[in-house]
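Heavy-atom basis, side chains included; hydrogens, waters and symmetry copies ignored. Numbers restart at 1 for each chain; the letters A, B, ... are given by sequence-line order, proteins then strands.
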Amino acid sequence: MIAQALAVYKKEMRDMLRDRRMLIAAFSFALLGPAFMGFIAFLTKEDDPVEVKITAAVSYMEQAPGLVAFMEREGLVVSPYTGDKVGEALPEGADALVMLPSTYAEDLKSGNPVSVQVFTDESSRKGLERGRTIMGLVEGYNSYLTVHRMTARGIPTSLLTSVVPSRHDISEKHLAVQLLGDGLAMMFILATFVGGLSVAVDTLAGERERHSMQPLLAQPVTSMAVILGKLGMVSSFSIIGTVLMVTTTMTTMSFIPAEMLPLSIYIDASTITLLLMQLIPFAIFIAACQLFISIQVKSFKEGQSYISMFMFVPMFVAYLKIYGSAKLPPVANYFPVMTDMESISSLLFTGEFAATNFFISVAISVVGALVLTWFTSRKLQSEVLLDAA
Amino acid sequence: MISVENISKSYGDVQAVKGMTFQAQDAQITTLLGANGSGKTTTLRSISGLLKQDGGAVKVDGIDVKQDTIAAQRRLGVFPDSFGLYTRLTTREHMEYFAELHGLHGSALDAAVSEVSERLNLEDILDRRTEGFSQGQRMKVALSRAIMHKPQNIVLDEPTRGLDVMNIRLLRHILQELKDAGHCVLLSSHVMAEVEILSDHVVMMADGVVCAEGSPLELISKSGQPNLEEAFVVLTGQKDHQERNVA
């Protein structure tokens with residue numbers, strides 16, 4: 001039986017690898033998905049360079065050497081503004097305009113409150129963030145002066161602070177880590193679905209439609225050998241797609257500046273090995289699911305419809321986990337797809353091996369693949385498969 | 001030798017075959033002759049192990065097909081009612097695939113490919129993908145994969161359908177060769193001229209039962225008609241359109 005299954009596998013791989021559409025359908029997601037993520041990161045990086053200098057234009061800046069020095073010490077570029085009024089737009093190159101009164105130095109010396117107006121352009125995220133930074137520095141300079149004035153008068157500065165609040169996050173994972181981790185795990189899981197999708201439809205529904213099922217079933221070969229050969233082919237596509245997805249994602253992430261990632265990724269030989277030890281059985285299980293669906297339908301088109309609908313299952317479960325996990329019972333973490341996401345996310349983003357999730361995932365995959373393969377091979381013996389739609 | 005013993009087969013309420021019995025001997029060409037829907041394909045599929053008949057038995061060289069399908073299929077070469085080729089595979093790859101399913105490997109496989117390609121004049125299309133092949137070329141590929149493992153029994157379901165005259169002559173020549181080599185050749189057809197020329201033994205079918213059997217000459221003689229077509233009409237109790245209209 002093994003020799004026959006290998007003959008079927010060899011023929012199926014040869015057949016599918018010659019179909020350009022199949023290859024595009026199988027691997028475009030794994031190649032283009034992470035590349036798209038990287039492109040977005042690249043655009044973001046261009047938009048917001050790490051070494052950016054925020055520029056503030058200041059009127060009457062010769063009267064405010066202290067404020068200017070404070071701003072420059074905090075990394076701002078300060079330029080003089082010579083106008084009396086604020087125009088319709090900020091001065092060229094400035095992220096905010098700080099308007100000081102002409103009596104700034106005199107008012108400050110006499111201890112009178114000085115009105116300082118900060119003009120910003122908040123029509124873009126960049127303008128909003130930089131304007132707020134400049135505003136924060138002006139407020140910081142105010143606190144700085146106040147502290148020094150009180151110290152000079154012998155008043156303890158601790159009187160300025162009655163309550164010292166500090167915030168501590170007690171959740172197991174930071175929200176950003178949770179979202180990014182689950183999102184990435186979902187991408188890996190989706191790759192197992194996408195890789196084998198088209199070939200699974202073609203190998204059974206397509207074979208039936210092309211009337212090539214009859215000559216095949218008239219050979220002295222068991223239905224289990226045929227299904228094992230076909231399962232091997234679909235699994236190969238699924239595994240290749242998944243490995244491509246993992247590789248391209250990790251490569252892409254290595255190009256994203258560390259300061260743009262809210263978390264660390266644990267990539268080493270043992271992590272990759274564990275990841276593949278989980279994803280490969282899962283890919284075989286998904287291939288078995290897709291073959292099980294494919295054998296129920298009469299034509300390639302019908303198969304595509306049902307298997308595309310099957311794609312919604314991991315997406316639905318993944319989004320449920322990402323956005324609704326707080327409302328789900330703890331046991332939900334051990335459901336198929338959810339347990340896979342939990343295990344992958346934990347492995348990659350905390351460096352911890354979630355043994356329970358890992359072994360449940362592998363067990364579900366192995367048992368599921370065996371059961372579905374048995375049912376599919378039984379179905380292959382059905383007389384209704386001899387004729388197409 | 002193929003032996004069909006009182007088989008019956010139903011699809012839901014429709015009984016396609018009702019107690020069919022006949023034998024196809026070695027070194028003979030036996031033809032199932034019947035109108036569309038007479039049960040020819042169902043009978044051939046039961047022999048090929050593709051269908052499980054409801055009652056009766058089919059034996060291939062003494063092996064019960066229902067009891068030991070794989071062993072029976074090893075002794076069969078099947079040419080189904082549709083060619084069912086893989087358009088992205090070459091002729092050689094088709095031959096190798098089906099030969100491997102029959103357990104041929106290495107030099108035995110290479111020798112079988114050479115022998116069959118020479119016999120069917122496949123050299124010019126041996127390494128071409130089957131996409132875009134003519135009907136005649138498709139027939140040759142389908143036939144090549146059926147005889148790659150040198151089966152004692154060859155079953156062909158309407159093999160001349162869609163073929164031009166030259167390809168029909170070629171097929172006829174090949175079937176004669178197989179018969180002369182001692183193989184049991186069983187085919188189905190509803191083309192009278194072809195059956196008359198080719199067959200040693202004809203099994204006439206109508207509504208899932210055997211109406212008459214014998215050599216073409218015996219059947220013509222038995223019916224008292226001038227040719228096999230008229231004999232078929234009489235022996236199967238068929239009425240043509242004109243008669244039906246008069247009735």
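Under 3.5 Å, the side chains of B/Lys52 and B/Thr69 contain a donor-acceptor pair of N or O atoms. Side-chain contact of A/Lys230 with A/Thr203: a donor-acceptor pair under 3.5 Å is present, judged by distance alone. For the residue pair A/Asp340 / A/Ser361, a side-chain donor-acceptor distance below 3.5 Å is found, with atom types taken as modelled.
Ranking B/His105, B/Glu96, B/Arg129 against chain A, the residue ahead of the rest is B/Arg129, based on heavy-atom pairs under 4.5 Å. For chain A, the option among B/Leu76, B/Leu51, B/Val78 with the highest count of heavy-atom pairs below 4.5 Å is B/Leu51. Heavy-atom pairs under 4.5 Å with chain B peak, among A/Ala3, A/Ala225, A/Ala218, at A/Ala218. Of the residues considered (B/Glu93, B/Glu100, B/His149), B/Glu93 shows the highest number of contacts with chain A, using heavy-atom pairs under 4.5 Å. Comparing A/Gln4, A/Gln381, A/Gln219 by how many heavy-atom pairs each has under 4.5 Å with chain B, the most go to A/Gln219. The most heavy-atom pairs under 4.5 Å with chain B, out of A/Leu216, A/Val8, A/Asp19, come from A/Asp19.
A salt bridge links A/Arg210 with A/Asp202: at least one charged nitrogen is closer than 4.0 Å to a carboxylate oxygen. Using a 4.0 Å cut-off between charged nitrogen and carboxylate oxygen, A/Glu209 and A/Lys301 do not count as a salt-bridge pair.
For the pair B/Arg145 and B/Phe98, the cation-pi criterion (under 6.0 Å, within 45° of the ring axis) is fulfilled.
A/Ser238 contributes a side-chain N or O that, together with a main-chain N or O of A/Thr192, makes up a donor-acceptor pair within less than 3.5 Å.
Neither the backbone nor the side chain of B/Arg75 comes within contact range of chain A, judged by heavy atoms closer than 4.5 Å. Both the backbone and the side chain of A/Thr222 have a heavy atom closer than 4.5 Å to some heavy atom of chain B. For B/Phe79, no part lies near chain A; criterion is any non-hydrogen pair under 4.5 Å.
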